[in-house]
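Both ligands and their constituent atoms are indexed starting at 1 by order of listing. Along the sequence shown, residues are numbered consecutively beginning with 1.
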Amino acid sequence: MHSTTPAPSGSPTGALPHVLVIGGGIAGLAAAARLRGIVDGTERARVTLLEASPRFGGKLLSGEVGGVGVDLGAESMLARRPEAITLARAVGLGDALQPPTTAKASIWTRGELRPMPTGHLMGVPGDLDALAATGVLSPEGLARAAEDETLPRTEIGEDIGVGEYVAARLGREVVDRLVEPLLGGVYAGHADAISLSAAVPQLLAIARRERSAIEGVHAALAAVAKNPDPAPVFTGIDGGIGRLPGAVADACRAAGAELRTDTPVAALRRTADGWTVVTEGGGVLTADAVVLAVPAPVAARLLAELAPGAAAELGEVEYAGMALVTLAYRRADLGPLPGSGFLVPPVDGRAIKASTFSSNKWGWLDKAAPDRFVLRTSLGRQGEEAVLDLDDAELVALSRADLREAAGITATPYAHAVTRWRAGLPQYPVGHPQRVARIEAAVAALPGLALCGAAYHGVGIPACVADGWRAAAAVTKDLVSGAE
Ligand SMILES: Cc1cc2nc3c(=O)[nH]c(=O)nc-3n(C[C@H](O)[C@H](O)[C@H](O)COP(=O)(O)OP(=O)(O)OC[C@H]3O[C@@H](n4cnc5c(N)ncnc54)[C@H](O)[C@@H]3O)c2cc1C
């Protein structure tokens with residue numbers, strides 16, 4: 001084992017190695033939970049977690065708007081991947097997991113709210129008749145989409161932009177009115193730039209296997225329908241996803257980890273037998289291993305001297321920023337407002353990119369405040385972050401103007417909150433998986449160091465949890481092999 005370094009004051013002592021986790025977003029918290037054995041009962045390390053801001057959670061943030069508790073950041077988790085649900089259960093939130101209601105989403109395009117087509121894979125339809133019935137595409141757009149079934153195979157090489165592939169198969173309108181808003185909901189980026197292999201690997205597999213994308217999607221969806229998974233696709237948490245980081249932090253503390261807020265890390269150094277971390281306040285901590293769970297630009301700074309090549313590549317990871325405007329209404333002021341909300345294709349030139357009718361989408365929210373109605377809008381995407389510089393009143397006014405036109409909402413909200421997420425979502429352009437592989441290969445040459453978080457293997461919460469666990473396992477393995 002690396003030498004037993006003195007534990008930081010106040011941290012638990014013992015024979016286990018000491019791991020410093022830098023960053024208290026969901027990836028860092030997941031890593032800490034794994035190292036303390038919260039998920040599987042195996043204590044692997046003593047843990048000190050250092051978070052720069054005054055709170056844990058990063059992009060997971062609970063808040064209150066007009067007396068109603070809501071999420072001001074991420075609000076939903078993919079339930080088809082097990083990691084986030086497993087973590088939530090392990091920290092006592094199992095009973096609070098709650099899928100969204102069955103309210104359906106729409107697309108605000110071509111002048112009206114139209115039903116979101118069913119039977120598609122990230123906007124690529126498996127059934128053109130079902131798509132035609134929604135009115136999302138123009139007759140010309142539909143005719144072009146149908147050409148997918150006769151066009152020769154599209155050669156895609158190692159990887160291709162999602163938009164480029166779909167445009168080649170089904171035409172620009174499918175990209176603009178379906179793929180762009182759906183991908184935008186996950187990455188706030190541009191479909192042409194986003195990597196098919198990183199963002200929609202199922203579609204990449206179809207593209208490699210089948211000539212027609214529509215037929216490939218149809219077959220893939222038919223296979224899913226034949227073997228129906230009764231579990232819902234997404235889940236929320238009663239009270240908000242923002243409860244998850246606090247619960248993980250509490251569980252980590254209860255398991256003996258030391259967690260500090262307001263402790264930005266300024267420097268990371270390798271020593272003869274481990275690691276030294278210097279905080280902005282001048283504090284010095286030593287450890288046997290380090291998990292770096294910070295956004296890519298921060299990792300780039302901290303690794304500039306240790307791994308200059310990896311740092312340069314981390315510095316090139318681009319981020320998209322967005323603003324969320326949460327509006328609280330008195331229900332009596334509103335007319336009926338069906339559905340879970342709507343997406344807005346950027347090509348339609350509106351200010352907002354989406355609106356979620358949170359009180360319709362989440363049963364727990366409706367139950368907590370039955371006489372209120374909460375909804376939120378999002379504005380901004382990669383390269384269009386100037387909107388974040390508008391003041392709150394302007395963002396609220398833009399949102400209300402679009403809500404009036406899209407859904408006839410003329411009532412005045414009695415409360416609002418604007419949350420700006422600058423550098424909110426890392427972008428996964430073509431070449432991203434290869435860039436991540438190069439970064440990880442460089443970091444693997446530094447035993448006892450691992451990176452994790454949204455910049456690497458997926459931006460969604462379950463992917464970040466999985467990445468935190470992977471990093472925890474990597475440093476544990478380094479420590480074990482270092483001891484041999
Ligand atoms: C507005 C928005 C909505 C989203 N909605 C969803 C959703 O509904 N479902 C979903 O699955 N995903 C959603 N996502 C994506 C998902 O929430 C994030 O990708 C994920 O939470 C990122 O986790 P992370 O731990 O990698 O990073 P972060 O959450 O960014 O955490 C990194 C932490 O590191 C800290 N830090 C930074 N610098 C330092 C330093 N020098 N020293 C110490 N600490 C430092 C930061 O303060 C932060 O707490 C959303 C993202 C955004 C922005």
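Other residues, nucleotides and ligands contribute over 12 non-hydrogen atoms within 6.0 Å of the CD atom of E64. Within 6.0 Å of atom CZ in R253, more than 12 heavy atoms from other residues, nucleotides or ligands are found, so the atom counts as buried in its surroundings.
Between N360 and S340, the side chains place no donor N or O within less than 3.5 Å of an acceptor N or O (distance only, hydrogens not considered). At a cut-off of 3.5 Å, with distance as the only test, no side-chain donor of E405 or W108 sits close to an acceptor on the other residue. A donor-acceptor pair shorter than 3.5 Å can be found between the side chains of H18 and T48. For the residue pair Y414/R372, the side-chain donor-acceptor check at 3.5 Å is satisfied. Counted by atom type alone, T109 and R177 present one or more donor-acceptor pairs between their side chains at under 3.5 Å.
Considering both main-chain and side-chain atoms, V459 comes within under 3.5 Å of ligand 1 through a nitrogen or oxygen pair. Checked against a 3.5 angstrom limit, the closest N/O atoms of A454 and ligand 1 fall inside it. Between T263 and ligand 1, no pair of N/O atoms sits closer than 3.5 Å. Taking distance alone, with nitrogen or oxygen atoms compared against 3.5 Å, I26 approaches ligand 1 more closely than that limit. The shortest N or O to N or O distance between S76 and ligand 1 is below 3.5 Å. Backbone and side-chain nitrogen or oxygen atoms of G460 are examined, and none is located within less than 3.5 angstrom of a nitrogen or oxygen of ligand 1. Inclusion of R55 in the set of residues having an N or O under 3.5 Å from an N or O of ligand 1 is not warranted. The shortest N/O to N/O separation between E51 and ligand 1 falls below 3.5 Å. Considering both main-chain and side-chain atoms, C464 never comes within under 3.5 Å of ligand 1 through any nitrogen or oxygen pair. Looking at ligand 1, you won't find any N or O of G424 less than 3.5 Å from one of its N or O atoms.
Set against the non-hydrogen atoms of A293, the atoms of ligand 1 under 4.0 Å away are 32 (C), 34 (O). Atoms of ligand 1 lying under 4.0 Å from any heavy atom of P264, numbered from 1 in the order shown and given with element: 42 (N). Applying the 4.0 Å criterion to heavy atoms of W421 picks out, from ligand 1, the atoms 1 (C). Near A27, with a cut-off below 4.0 Å to any heavy atom, the atoms of ligand 1 are 25 (O), 26 (O). Shown in contact with I22 at under 4.0 Å from a heavy atom are these atoms of ligand 1, numbered in order with element: 42 (N), 43 (C). Residue contact check: M322 has heavy atoms under 4.0 Å from atoms 1 (C), 53 (C) of ligand 1. Short contacts between ligand 1 and G453, defined as distances under 4.0 Å to a heavy atom of the residue, involve ligand atoms 26 (O). Per-residue contacts place L50 under 4.0 angstrom from the following atoms of ligand 1 (heavy atoms of the residue considered): 43 (C), 44 (N).
Considering all non-hydrogen atoms of both residues, L388 and R420 come closest at O-NE, 2.7 Å. For the residue pair V396 and L327, the shortest heavy atom distance occurs at CG1-CD2, 4.0 Å. In terms of heavy-atom proximity, G242 sits nearest to P245 at O-CD, 3.4 Å. Considering every non-hydrogen atom in both L93 and A247, the closest pair reads CD1-CB, 3.7 Å. Between V443 and A450, the closest heavy-atom pair is CG1-CA, 4.3 Å. Closest non-hydrogen pair, P117 versus V136, comes out as CD-CG2, 4.4 Å.
Here the shortest heavy-atom distance to atom 37 (C) of ligand 1, taken over G23, P295, S378, belongs to P295.
Given atom 40 (C) of ligand 1, the protein heavy atom at minimum distance is V265 N, 3.7 Å. The shortest contact between atom 11 (O) of ligand 1 and any protein heavy atom is with I461 N, 2.8 Å. Looking only at heavy atoms of the protein, atom 44 (N) of ligand 1 is closest to A52 N, 3.1 Å. Atom 30 (O) of ligand 1 has as its closest protein heavy atom K59 NZ, 2.7 Å. Protein heavy atom at the shortest distance from atom 14 (N) of ligand 1 is A74 CB, 4.0 Å. Of all protein heavy atoms, the one closest to atom 31 (O) of ligand 1 is G25 CA, 3.3 Å.
In this structure, the separation between NZ on K353 and CG on L343 is 12.0 Å, given to the nearest 0.5 Å.
Under 4.0 Å from ligand 1, the heavy atoms of L60 that appear belong solely to its side chain. If you look at V298 next to ligand 1, the close heavy atoms, those under 4.0 Å, all belong to the side chain. Neither the backbone nor the side chain of A266 comes within contact range of ligand 1; no heavy atom lies under 4.0 Å. With a heavy-atom cut-off of 4.0 Å, L425 touches ligand 1 through its side chain alone.
Put simply, the side chain of L425 does not reach to within 4.5 Å of the side chain of Q382, judged on heavy atoms.
Contact check on R260 versus E258 returns a salt bridge, with a Lys/Arg side-chain nitrogen under 4.0 Å from an Asp/Glu carboxylate oxygen.
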Problem - side chain to side chain donor-acceptor pair (under 3.5 Å) evaluation trace for S195 with D159 - result: CA-CA 7 Å; S195 152; D159 197 3; 2.7 Å; yes
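Within the 4.0 angstrom cut-off, atom 9 (N) of ligand 1 has one or more protein heavy-atom neighbours.
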